[in-house]
Trainee: 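Below are the C-alpha cells for one structure; questions will follow.
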Amino acid sequence: MTQTRRSAKLLVRTATLSDVPAILDLQERAYPGWDPDTPAMIRGQIANFPEGQFVVEYEGDLVGWCASFIIDEEAAFSRHSWASITGGGFAARHDPDGDWVYGMEVAVDPSRRRLRIGQRLYDARKALCEEWGLKGVVFGGRMAGFRRKRKQYPTPQDYLDAVVNNELRDPVLNFQMRMGYEPAGVLTGYLPDDADSGGAAARMVWRNPMYVESNGPVNRPTPNTVRVAAIQMAMRSMETLKEFERNVEYFVEVCSDYRADFCVFPEMFTVALLALEKRKLTPEESIAALSRHTPGFVELMSTLAVRYNINIVGGSHPTRTDDGDIQNVAYVFLRDGSVHAQEKIHPTPNERYWWNIKGGDAVATIPTDCGPVGVLICYDTEFPELARRLADEGAKIIFAPYATDDRGGHLRVRYCAHARAIENQLYVVTAGNVGNLPGVENMDINYAQSAILTPCDFPFARDGVAAETSENVETIAVADLHLDDLVQARRSGTVRNLRDRRFDLYRIVWKDRG
C-alpha cells in the first residue's frame with residue numbers, strides 16, 4: 001500500500017534573524033497606522049532571549065509572532081510602561097534569574113484569524129513558562145474599546161471592571177481571558193500612543209499550576225567560551241603587494257594556531273599599501289589608490305577566514321561608497337565565508353581633514369557562530385550611546401580596532417573602551433597599530449598597547465584586563481572570554497549596570513526609532 005507523506009501546513013517555532021523582515025511586514029499588516037519595531041529591536045529580542053521569541057508559519061508564510069522575556073516578580077508587578085519594562089523594545093531587561101515570563105508583543109495576520117494563531121502563541125508562552133519552571137506569564141493587555149465607551153466608563157479601571165463583570169465585551173481582553181489570563185489591575189501610561197486604550201493597559205496574569213518553589217537557579221544554556229586574539233601590527237614600508245599579503249596571512253595563521261575564534265587587526269592597517277606608491281600622494285590620490293585595493297583586500301581576507309577557520313575583524317579600510325563618499329569601514333570576515341561591514345560613525349577631525357572621510361549612519365550587531373558581536377572603530381568607543389545600542393542588541397563582545405599617534409590618543413581610546421566594558425557588562429577587544437610609515441600623511445607614526453578588557457567584578461581579572469600587549473611592539477594578545485561570567489555578572493554582580501538603568505527617567509531615541 002502506497003503511503004503519502006505531506007509536510008505540516010502550520011508550524012510554531014522560535015524566531016531566527018532571517019525572520020526579521022517578515023516579522024516587520026506582519027506588524028504592519030496587524031497594526032496599520034502604528035510604527036512597527038525596528039530591525040534592531042527584533043534582533044535584540046532574539047539575541048537577549050532566543051527561546052522566548054515565537055513565530056507561526058502557515059504554508060510557508062509567517063502569519064503570527066510574539067516576543068517574550070523573563071523578568072523578576074517585583075518589576076513585573078510594579079507600575080511600569082511598555083518602554084520601561086522592555087528596555088526600549090529590545091527586551092534589554094531580560095533577567096535570566098527572574099521568575100515570570102513577560103509577554104512583550106503579539107501580532108497575528110488579520111487575513112488568517114480563523115487558524116487560532118493567537119491561541120497557539122499564548123499557549124507557546126505557557127509551555128515556555130512550564131518548561132523553565134517559572135511562576136507564570138504577565139503582560140499589559142490592550143483595552144481596545146475604552147475610547148468608544150469613555151462617557152459611560154470614565155476611567156480605564158471602570159472599563160476593566162465592566163469587562164470582568166460581563167457588562168460589556170472587549171475584543172482583546174475577552175480573548176485573553178478565554179486563554180486563561182486574569183486581569184490584575186490597570187497600568188496607566190503603558191502605551192501613550194494607543195489612543196483606543198487611553199494609553200492604558202490591563203495587567204494580565206496567568207499563574208503556572210505546575211510551579212514549585214525552589215531555592216536553586218533555573219537551568220540555563222551551557223556556558224560557552226570564546227577565544228580572541230588582538231593583533232598589534234607594525235606599519236612598515238614594503239616593496240610588493242605579496243609582501244603585505246604574506247604578513248597578513250602570517251598573523252592569521254598564528255591566531256589560528258592558537259585556536260582563536262576571532263582575530264582583530266588594527267584600524268586603517270591597509271594604509272600600509274600606500275607605501276607601494278612610487279611618489280607621495282595627495283589625500284585624494286591616496287583614497288583613490290586604496291579604493292583600487294578594496295576588491296582584492298576583501299577577497300584575501302575572506303579566503304583566509306575560511307582557510308584558517310577563524311573569524312577575522314579586518315581592522316578598517318578607507319572605502320569610496322556608491323554615492324561617492326569616503327567612509328572608514330570595518331569589514332568582518334566570518335569563517336563560513338560571509339562578509340559584513342560596519343562603517344565608522346564618528347570620523348576624527350584629522351580623518352575629515354586629511355581624508356575627507358564621512359561618518360556612517362548605522363550601527364548594528366553582526367551575527368556570528370559565537371553569538372552577536374559589535375564593532376566600534378577607534379573614536380566611536382568614545383561615544384557611549386553606540387556601545388549601549390550594541391549591548392541592547394545582544395552583543396557580549398565589542399571589537400575596537402584603533403589607530404593613534406601618541407600615548408594621549410591611545411589612552412583616550414583605552415579608557416573609553418574600558419568604560420564601555422564596565423557600563424555594559426561586556427568584553428571589549430582593542431587592537432592598534434605600531435611603528436612608522438614614512439610618506440603617508442596622518443599615519444606616519446603610531447602608538448598602541450592593545451588589550452582585551454573586561455568588566456571590573458569578581459568573575460573577571462582583578463584590574464579588568466584579561467590580556468594586553470607591551471607598548472609599541474609588534475605582537476598579539478590572546479585570552480579566553482567566558483560568556484557565562486557576563487551572564488552571572490548581569491544577574492547578581494556587585495553592580496548591575498544594565499539591569500539598574502532608569503528606563504522610567506531616560507532613553508535614547510535613534511533615527512531608526514531603535
Side-chain angles (χ1 to χ4, degrees), residues 226 228-233 262-269 313-316 328 330 332 342-348 351 359-360 363-366 372-393 395-434 446-457 459-472 475-483 485-486 489-490 495 497-498:
V226 178
V228 298
I231 300 169
Q232 187 160 283
M233 193 171 186
F262 290 91
C263 65
V264 191
F265 283 87
E267 178 188 22
M268 301 280 270
F269 81 104
V313 180
S316 73
N328 188 357
V332 179
Q342 173 62 64
E343 63 266 26
K344 191 173 187 176
I345 304 301
H346 302 92
T348 62
E351 286 177 287
V363 61
T365 54
I366 296 169
V373 303
V375 178
L376 296 178
I377 305 172
C378 195
Y379 194 31
D380 283 344
T381 63
E382 299 177 31
F383 296 84
E385 301 87 353
L386 302 182
R388 180 55 51 84
R389 172 67 178 265
L390 294 171
D392 280 343
E393 286 194 30
K396 291 186 174 66
I397 305 173
I398 291 178
F399 298 101
Y402 74 103
T404 53
D405 60 351
D406 61 10
R407 181 171 172 79
H410 153 73
L411 289 177
R412 282 195 298 272
V413 175
R414 173 66 170 265
Y415 292 153
C416 290
H418 210 160
R420 304 296 84 84
I422 292 168
E423 66 199 12
N424 294 293
Q425 296 180 287
L426 46 69
Y427 299 109
V428 178
V429 182
T430 67
N433 298 296
V434 298
N446 296 273
Y447 185 107
Q449 185 177 20
S450 306
I452 300 168
L453 306 170
T454 78
C456 292
D457 210 340
F460 310 102
R462 185 185 64 179
D463 54 359
V465 180
E468 66 180 342
T469 65
S470 299
E471 296 169 285
N472 294 332
T475 185
I476 64 173
V478 182
D480 283 340
L481 303 182
H482 304 290
L483 303 187
D485 286 346
L486 294 178
R490 291 176 177 184
V495 292
N497 305 70
L498 285 179

Trainee: Does some side-chain heavy atom of Phe383 sit less than 4.5 Å from a side-chain heavy atom of Leu376?
Mentor: no
Trainee: Specify the closest pair of heavy atoms between Val429 and Ile452, including all atoms of both residues, with the distance to one decimal.
Mentor: CG1-CG1, 4.0 Å
Trainee: If you measure from CG on Leu426 to CZ on Arg490, what distance do you get to the nearest 0.5 Å?
Mentor: 6.0 Å
Trainee: What closest approach, in Å, do Tyr402 and Ser450 show between heavy atoms, and which atom pair accounts for it?
Mentor: OH-N, 3.9 Å
Trainee: Could you work out, with side-chain contact (heavy atoms from CB on, under 4.5 Å) as the rule, every residue matching Arg412, not counting sequence neighbours?
Mentor: Glu382
Trainee: Nearest 0.5 Å, what's the OG-CZ distance between Ser316 and Phe265?
Mentor: 12.5 Å
Trainee: Applying side chain to side chain contact (heavy atoms under 4.5 Å, CB included), run through Val264 and Val228 and close with a yes or a no.
Mentor: CA-CA 8 Å; Val264 191; Val228 298; 5.7 Å; no
Trainee: Kindly give the heavy-atom pair with the smallest separation between Val434 and Asn472, and that separation in Å.
Mentor: CG1-CA, 3.4 Å
Trainee: Checking Cys456 against His418 for the side chain to side chain contact (heavy atoms under 4.5 Å, CB included) test, could you report, in this order, the C-alpha distance in whole Å, the side-chain angles of both residues, the deciding distance, and whether it holds?
Mentor: CA-CA 9 Å; Cys456 292; His418 210 160; 3.9 Å; yes
Trainee: To the nearest 0.5 Å, tell me how far Tyr415 OH sits from His410 NE2.
Mentor: 7.5 Å
Trainee: Could you tell me which non-hydrogen atom of Ala400 sits nearest to which non-hydrogen atom of Thr381, and how far apart they are?
Mentor: CB-CG2, 3.7 Å
Trainee: So does Arg389 pair up with Glu385, basic N to acidic O under 4.0 Å?
Mentor: no
Trainee: Do Arg420 and Pro384 come close enough that some side-chain heavy atom pair is under 4.5 Å?
Mentor: yes
Trainee: Indicate the ring-plane relationship of His346 and Tyr379, choosing parallel, tilted or perpendicular according to the 30° and 60° boundaries.
Mentor: perpendicular
Trainee: Are Arg388 and Glu423 within salt-bridge range, i.e. N to O under 4.0 Å?
Mentor: no
Trainee: Determine whether Asn424 and Leu498 make a side-chain contact, defined as any pair of heavy atoms from C-beta on separated by less than 4.5 Å.
Mentor: yes
Trainee: Can you tell me how far CD of Gln342 sits from CG of Leu386, rounded to the nearest 0.5 angstrom?
Mentor: 8.5 Å
Trainee: Mark yes or no for whether Thr469, through its side chain, and Ala477, through its backbone, hold a donor-acceptor pair below 3.5 Å.
Mentor: no
Trainee: Please tell me if the side chains of Asn328 and Glu267 come closer than 4.5 Å, counting only heavy atoms from C-beta onward.
Mentor: yes
Trainee: Output the distance between atom CG (Leu486) and atom CG (Asp457), rounded to the nearest 0.5 Å.
Mentor: 10.5 Å
Trainee: Please report the C-alpha distance between Met268 and Lys344 in whole Å, then the side-chain angles of each, then the deciding distance to 0.1 Å, and finally whether the side chain to side chain contact (heavy atoms under 4.5 Å, CB included) criterion is met.
Mentor: CA-CA 11 Å; Met268 301 280 270; Lys344 191 173 187 176; over 6 Å; no
Trainee: Report the residues that fulfil side-chain contact (heavy atoms from CB on, under 4.5 Å) with Ala451, sequence neighbours left out, ordered by chain and then residue number.
Mentor: Arg414, Thr430, Leu453, Glu468
Trainee: Taking all non-hydrogen atoms of both residues, which atom of Asn433 and which atom of Ala448 are closest, and how far apart?
Mentor: O-CB, 3.2 Å
Trainee: Would you say the side-chain atoms of Thr365 pair up with the backbone N or O of Gly374, donor to acceptor, closer than 3.5 Å?
Mentor: no
Trainee: For a 4.5 angstrom cut-off between non-hydrogen side-chain atoms, does Ile397 reach Leu483?
Mentor: yes
Trainee: Partners of Asp485 by side-chain contact (heavy atoms from CB on, under 4.5 Å), sequence neighbours excluded?
Mentor: Tyr427, Pro459, Phe460, His482
Trainee: Whether the side chain of Asp380 engages the backbone of Ile345 through a donor-acceptor N/O pair (distance < 3.5 Å, no angle test) should be reported.
Mentor: yes
Trainee: Can you name the closest pair of heavy atoms from Val332 and Val375 and give their distance?
Mentor: CG2-CG2, 3.9 Å
